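Chain letters run A, B, ... following the sequence lines, proteins first and then strands; every chain starts at 1. For clarity, every value in this text was computed on a predicted model and none was experimentally measured.
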2 protein chains.
Amino acid sequence: MTKQDMRIVKTKNALHHALLDLLDEKLLEDISVTEICRTANINRGTFYLHYAQIEDLFEEYFKEITGDLSRAYQEPYRFVSVLKVSRLNSSTIRIFHHIQKYEHFYRIVFSKKVPLMYYYLLFEEINRLLLQEADPKMPEDLNAQIHCAYQANAIIGIIIEWYKSDFSYSADYLNDQLVKILNLSHRPS
Amino acid sequence: MTKQDMRIVKTKNALHHALLDLLDEKLLEDISVTEICRTANINRGTFYLHYAQIEDLFEEYFKEITGDLSRAYQEPYRFVSVLKVSRLNSSTIRIFHHIQKYEHFYRIVFSKKVPLMYYYLLFEEINRLLLQEADPKMPEDLNAQIHCAYQANAIIGIIIEWYKSDFSYSADYLNDQLVKILNLSHRPS
DNA sequence: AGTTTTATTGTACACTTGTTGAATAAATAA
DNA sequence: TTATTTATTCAACAAGTGTACAATAAAACT
């Protein structure tokens, strides 16, 4: 990878900060390209040299933040002392804590006017994480892709409910609830 | 409810048809208000009298189509002869068939540039349907809302995977896979 | 029928959007 | 340092956006 042109770095940084500043005042959908550029002291034409829409600029933030989730997966986890249920790995509690940490950000990601794209990015990230700890001994007639999509999106379902409740639950409570849900079908049928 | 002004009905119909016509040619995000009004022979100011954005016009279609899903729930189901698994009710297969029936429409709903709003509308619809057949004997320390959000969104996860595969599976195959997923945790742990 | 109500139209306005081309400035490379 | 490359700026353009107001037309009401 060739050395980054310092002008580009400076421009992108200015746009990043301008977007963040504006997001404190107003909703993403009410922010215009002209406004970001005025705030960042960057020519509007320069914006379009790097991004097609505001959403593409926001997407760069998104990847920084989900990158944090990904990195958290590498290091050993300290927040939960004992895992009560063998079936439940430490994945989900990490995900819940991550969302809680960046609550301000995910309020934007889950707001109804933003493009579905961000949802897919989160979905794929969680999908990837769950895949790392996939159970190798699965019935071969079970489509692994479909199974992963099921599990990953089920967790996002809980997160959506969390968002709708204005994040009024704790991450630990949600994890506890997830344990209970998974235990449900463990009962003899 | 007071009688609808015929002018409004005519205007909305014209806009509906114009949007449908344009959707055959191009993507939703490439359609402008001006274009819809030109096609519908409706003054642009009139559009803004009824809708704030194109998305609100599209939302009216959405509710017509999910209304079809809701109605399908009322009548007895004929497509599946025998339910192989007692735990799996007929809900999901109906949902899969509904998506398949309106595949053209859901290709738009799941495209990455549309607002998240439509996803939520579908989510709430499926949530409502699942709620109708909710198991009454659940542990009381299990949050029913969270449990429903989990189940409903898990199914949408399968549908997303379906969409990403360009709808290359059959509805029956997906239902079969869902049965297998639900049976997974029935095995003694 | 005539009267009242209100949806629609046409025009205008300030603003944003996405794109273009030439001029300029600032980075990298020799 | 000088030369080269390229990011940025500036001005301008046609188009769309969202809103406002008076004029008009078409409903509903009696």
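- Under the 6.0 Å cut-off for aromatic ring centres, B:Phe58 and B:Phe105 qualify, their centroids lying closer than that.
- Taking atom CD1 of residue B:Ile42 and atom C1' of nucleotide C:dG10, one finds them 14 Å apart after rounding to whole Å.
- Side-chain atoms of B:Tyr119 and B:Asn153 form a donor-acceptor pair, as typed in the model, at a separation below 3.5 Å.
- Within 4.0 Å (heavy atoms only), B:Asn43 reaches at least one base atom of the nucleic acid.
- For the pair B:Leu15 CG and C:dT8 C1', the computed distance is 12 Å after rounding to whole Å.
- Residue A:Arg44 places its side chain closer to D:dA12 than to any other of C:dA27, D:dA12, C:dT16.
- Environment of CD in A:Gln100: crowded, with over 12 heavy atoms of neighbouring residues, nucleotides or ligands closer than 6.0 Å.
- Rounded to a whole Å, the CZ atom of A:Arg38 is 16 Å from the P atom of C:dA14.
- To the nearest 0.5 Å, the span separating CG on A:Leu122 from NE2 on A:His98 amounts to 7.0 Å.
- Atom pair A:Lys10:NZ and D:dT6:C1' shows a separation of 14 Å (rounding to whole Å applied).
- Of the residues in residues 46-57 of chain B, those placing a heavy atom less than 4.0 Å from an atom of DNA chain C are B:Thr46, B:Leu49, B:His50, in numerical order.
- Using modelled atom types, one finds a donor on one side chain and an acceptor on the other under 3.5 Å when comparing B:Tyr51 with B:Glu60.
- Linking Ile, Leu, Val, Met, Phe, Trp and Tyr whenever their side-chain heavy atoms come within less than 4.5 Å puts B:Met138 and A:Leu174 in one cluster.
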Begin from the C-alpha positions of A:Glu55 and B:Lys112 and carry the test salt bridge (charged side-chain N to carboxylate O under 4.0 Å, His left out) through to its verdict.
CA-CA 11 Å; A:Glu55 280 71 25; B:Lys112 65 181 183 189; over 6 Å; no
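- A salt bridge links A:Glu35 and A:Lys26; the closest N-O separation between the charged side-chain nitrogens and carboxylate oxygens is under 4.0 Å.
- Taking the six-membered ring wherever Trp is involved, the centroid distance between the rings of B:Tyr102 and B:Tyr106 does not fall below 6.0 Å.
- DNA chain C is contacted by A:Ser32, A:Val33, A:Thr34 of residues 18-35 of chain A, taking any non-hydrogen atom closer than 4.0 Å.
- With hydrogens and angles ignored, the 3.5 Å screen pairs a side-chain donor or acceptor of A:Asn143 with a backbone N or O of A:Gln145.
- In this model, no side-chain donor or acceptor of A:Arg7 finds a partner on the base of C:dA27 within 3.5 Å.
- Summary for the helix from C:dA1-D:dT30 to C:dA30-D:dT1: the axes at its two ends, each from 5 pairs, differ by 40° when rounded to the nearest 10 degrees.
- One interatomic measurement links the two molecules: CD of A:Gln4 to P of C:dT28, which rounds to 10 Å at whole-angstrom precision.
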